[in-house]
Colleague: 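My questions all concern the structure below.
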Amino acid sequence: STAQSHQQHQRVGVAQICDTSAKSAVSLRSGISTRTNEAGGQQPASAADDIEAEAKNEVSLQSAVLIQKWYRRYKARLEARRQTSWMIYQSIEYSSESSQLHLYNFFNDMLRLGGGGVGGASANAGFAERLRQKSIEEEDEELLEHTGYSEMTVERNYKGPKLSFPLSATHVQLMIDSFRQGGLLHARYLLQLLHETRSVLKTRQNIQLVSSSISKQLDLVIKMLSLNANFHAPILKVTVVGDLHGKLEDLLIVLYKNGLPDVTNPYIFNGDFVDRGPNSVEILAILFACQLVWPSAVFLNRGNHEDQVMNLRYGFIKEVQYKYRQTANKLLNMFSEVFAWMPLATVIDDRVFVTHGGISDKVDLDRVRRLDRHRYVSVLRPPVAKSSDEKVDYMEWRQVLDLLWSDPKAQQGCKPNTFRGGGCYFGPNVTRAFLDKYGYKLLVRSHECKQDGWEFCHEDTVLTVFSASNYYEEGSNKGAYVKFDSECRPRLVQFVASRRDKLPKGQRLSSVEESALRDLRGKILASKSELIDAFLRLDPEKTGAIRVSQWCSTMEEKLRLELPWRTLRPHLAQLNKDGRLLYMSTFQRAAIQHRLSGGKEMANSVTETVYKNREELETIFRIMDKDNSGQISLEEFKESCRILCQATQRQMTEDEVADMAKSLDLNSDGYIDFNEFLEAFRIVDYQRQESQKRLLGDSVQSSVSE
Amino acid sequence: MPITAKQKGRATQQRRKQPPADEEVWKAAFKRLDKRSRGAIAIGDLGEALRRAKFVLSEEEVQDYAKDADPDASGTVELPNFLTVAARAKAETLSPEQWAQALDEAFLTFDKVEAGRLKAEDLQGWLTQLGEPLEAKEVAQMLRGLVDENGMVVYQDLVKRLAKL
């Protein structure tokens with residue numbers, strides 16, 4: 001029958017494949033007759049049948065191996081894809097951070113220019129004052145006056161956790177239970193919590209010390225009492241937790257798996273508690289409460305995100321404003337205070353040095369111990385001056401910056417961290433020198449997201465631990481924490497905080513990858529004009545195509561993202577039939593994709609400039625809007641126009657500015673809100689667009705239209 | 001003039017046939033595992049590197065190549081040796097279409113009644129006990145989302161998933 005012969009044919013196929021694997025000894029006939037037998041429904045019973053049975057086994061074996069081979073390849077390919085998306089995320093993230101620092105530098109320059117410059121002294125002075133950090137030389141009483149809570153009452157219908165001071169472990173549990181269900185801590189309790197925490201942190205050293213064994217004195221006493229010569233005092237394991245970035249679930253997983261802090265279970269929290277995630281406030285509340293309840297068992301290190309300048313940009317301030325509205329200002333001032341009082345590093349048993357970012361070849365721990373950390377309200381700004389003519393001690397400032405911002409790299413030596421815009425890249429020799437100088441065995445730091453949540457480098461002398469799982473996207477990475485035993489041997493624990501774990505691995509990866517590519521396309525569009533300029537220069541004969549290698553180097557030169565452009569090319573641009581790259585397709589696909597994914601209309605350079613500057617604009621707006629009202633006055637707007645013009649090197653006359661200001665005050669009340677502000681910066685560059693069109697020529701453009 | 005589908009197809013085909021492009025893929029796979037940029041990977045990573053370079057190999061086959069990849073038995077594989085091994089693997093490998101058919105037939109071996117379906121439990125058993133066993137966890141991952149409420153797997157779907165990358 002046809003069915004049977006069909007089966008026979010297929011059986012042959014498998015055997016053939018097995019032969020290419022060079023291992024099979026299958027007799028085709030045995031294979032076929034086995035099939036026939038089964039179709040007949042009878043079990044084999046003779047010696048010949050035994051061989052047949054064995055042959056059948058052999059075929060099953062080979063089939064199994066085939067499937068297994070495929071699975072193994074599939075797994076390896078998934079890993080490779082994951083790593084590519086990973087690289088995209090990392091480069092986009094860090095390039096954001098460096099522009100933050102550039103923005104800060106720009107404001108610093110502007111401050112220097114500010115005195116008696118354009119626009120009249122008084123206007124400038126007011127503006128400059130606004131930008132300058134509020135003086136933090138206030139005494140504690142003054143601080144209390146401005147951020148007092150005693151007059152605040154808690155409403156009767158308040159459903160969140162109720163605190164009473166001094167706090168106890170019960171309160172911590174209460175907060176955890178409430179936050180887990182979306183509860184909000186009342187501003188009054190939060191303020192008091194912050195005040196208490198500030199008092200405690202003030203008493204801490206810049207570099208804290210923690211020991212993994214109960215004091216020797218106590219040890220001796222216990223030994224004597226127990227009259228047991230072999231008695232050993234309980235050895236504590238010190239746990240180090242990395243970046244949390246507002247992801248409450250991850251903190252709760254750690255506390256659940258590892259237990260709440262207490263004398264027998266000390267914790268070091270290594271910074272970056274806030275920004276990006278949705279529960280920065282709740283995380284801080286829990287950590288500060290723990291600090292108060294178990295002061296000798298909780299050690300907080302400051303991270304680069306425990307910083308007002310970063311919070312403006314990365315979401316913490318937005319979160320506080322959203323959750324606390326009228327009291328947001330008070331709270332933000334207090335948070336800022338507490339951040340400034342957070343210690344900079346912690347040492348375990350004189351053997352393990354724990355800090356948020358890393359080190360540099362200039363780090364001098366004696367200097368670090370002596371400095372007044374409280375003066376660094378933002379680590380990105382010079383320390384607050386003690387007197388008006390005091391000069392900034394750059395060497396001291398650098399110590400703090402390096403500890404909180406540096407990254408380890410494979411290359412020897414110490415270079416400025418241009419990617420992030422602050423701190424250094426330090427190599428294995430720098431680590432070796434540091435550890436030898438101070439007698440440490442290991443450097444533990446966080447600051448960088450790692451796929452497995454942890455990573456050793458510099459021949460296992462540096463350990464990165466990162467505790468925010470799924471940091472970029474669902475499925476992007478695991479979180480981890482590390483426990484050190486009395487010999488300071490690390491044990492790493494991984495976890496993932498996600499309930500939405502239903503997608504199989506392949507699909508989950510796609511959304512991570514897609515998301516990364518989408519971000520990348522957005523960035524490409526934002527730099528469209530510069531890229532087109534560069535491409536045109538490489539294509540003087542206007543063929544519309546350049547070599548792939550030329551495209552790769554141009555992309556890297558303009559975007560500076562250090563990505564594997566050649567690998568990404570299929571997702572970003574098309575080739576013509578000669579294998580040359582049609583450079584305009586870089587934007588075509590991006591535009592189409594963007595539209596498909598619901599992005600804004602991106603076809604012209606006007607919107608592109610807005611998109612590129614949007615983050616900067618929002619940051620500037622927030623700085624202008626000191627009372628956090630969401631509005632700025634026309635005068636301030638004009639001032640900011642002038643500044644941004646300098647930054648983007650586009651010229652606008654006073655009249656143009658005034659006209660814009662007037663026309664944008666949509667409800668004519670003399671104030672501009674943020675949307676109006678954004679609209680204001682559609683810096684139209686008609687000439688540029690026109691000249692590009694002429695150069696390119698209509699023929700080339702239409703040849704790539706799909 | 002707009003690019004026709006035919007032209008695009010031709011371009012794609014040409015790309016596939018170019019050996020230099022393959023070498024790029026192999027180099028990239030090697031580099032990802034050579035995290036410290038030493039120009040060499042551990043012999044234990046040879047399988048992973050070859051699979052990332054899109055080769056479908058059994059552990060036994062990897063061992064076979066290992067001898068060529070590390071001729072002086074130093075425990076490391078240098079890039080030039082890796083590329084040679086990859087070229088050899090390429091010469092010995094089947095075309096993607098042949099592979100897809102082979103995979104189909106492999107499943108058919110277990111599918112006595114040719115229903116197009118297999119019991120997930122049975123599949124788990126075979127793949128964790130026969131040949132070069134996978135871990136139960138890996139099989140679970142492989143089958144995730146493909147098992148219907150009766151505990152059956154339409155293996156055509158699995159073939160599609162495995163062959164996709």
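Residue numbers start from 1 in every chain, and the chains themselves are labelled A, B, ... in the order their sequence lines are given, proteins ahead of strands.
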Colleague: Return the minimal non-hydrogen interatomic distance between A:V65 and B:G131, and the atom names on each side.
Modeller: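 Taking A:V65 first and B:G131 second, the nearest heavy atoms are CG2-CA, 3.5 Å.
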Colleague: Looking at B:L130, is its backbone amide N or carbonyl O close enough to the side chain of A:Q68 to form a donor-acceptor pair, meaning the two atoms are under 3.5 Å apart?
Modeller: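 A pair under 3.5 Å: yes.
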Colleague: Which heavy atom in B:L103 sits nearest to a heavy atom in A:I67, and how many Å separate them?
Modeller: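 Closest approach of B:L103 to A:I67: CD1-CA, 4.2 Å.
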Colleague: Scan B:E59, B:E61, B:E132 and name whichever one has a side-chain hydrogen bond (donor to acceptor under 3.5 Å, both in side chains) with A:K69.
Modeller: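 So, applying the side-chain hydrogen bond (donor to acceptor under 3.5 Å, both in side chains) to A:K69 and each of B:E59, B:E61, B:E132, only B:E61 qualifies.
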Colleague: Check the surroundings of atom CZ in A:R580: do more than 12 heavy atoms from other residues, nucleotides or ligands lie under 6.0 Å from it?
Modeller: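 Atom CZ in A:R580 is packed in, count exceeds 12.
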Colleague: To the closest 0.5 Å, what do you measure between CZ (B:F107) and CG (A:L66)?
Modeller: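 That separation rounds to 9.0 Å.
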Colleague: With the side chain counted from C-beta on, respond yes when A:R73 and B:L50 share a heavy-atom pair under 4.5 Å apart, and no when they do not.
Modeller: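 A side-chain contact is absent here, since even the closest heavy-atom pair is not under 4.5 Å.
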Colleague: Under 4.5 Å heavy-atom distance to chain A, tell me which part of B:E138 shows up: side chain, backbone, both or neither.
Modeller: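 For B:E138, backbone and side chain are both near chain A.
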Colleague: Which heavy atom of A:A76 sits nearest to which heavy atom of B:R51, and what is that distance?
Modeller: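 Heavy atoms only, the tightest pair is CB-CB, 3.4 Å.
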Colleague: Apply side chain to side chain contact (heavy atoms under 4.5 Å, CB included) to the pair B:T109 and A:Q62, showing each step before the final yes or no.
Modeller: CA-CA 10 Å; B:T109 317; A:Q62 293 305 327; over 6 Å; no
Colleague: Could you give the distance from CH2 (A:W70) to CG (B:L158), rounded to the nearest 0.5 Å?
Modeller: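 If we round to the nearest 0.5 Å, A:W70:CH2 and B:L158:CG are 11.5 Å apart.
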Colleague: Return the minimal non-hydrogen interatomic distance between B:F110 and A:S63, and the atom names on each side.
Modeller: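 Heavy atoms only, the tightest pair is CE1-CB, 3.7 Å.
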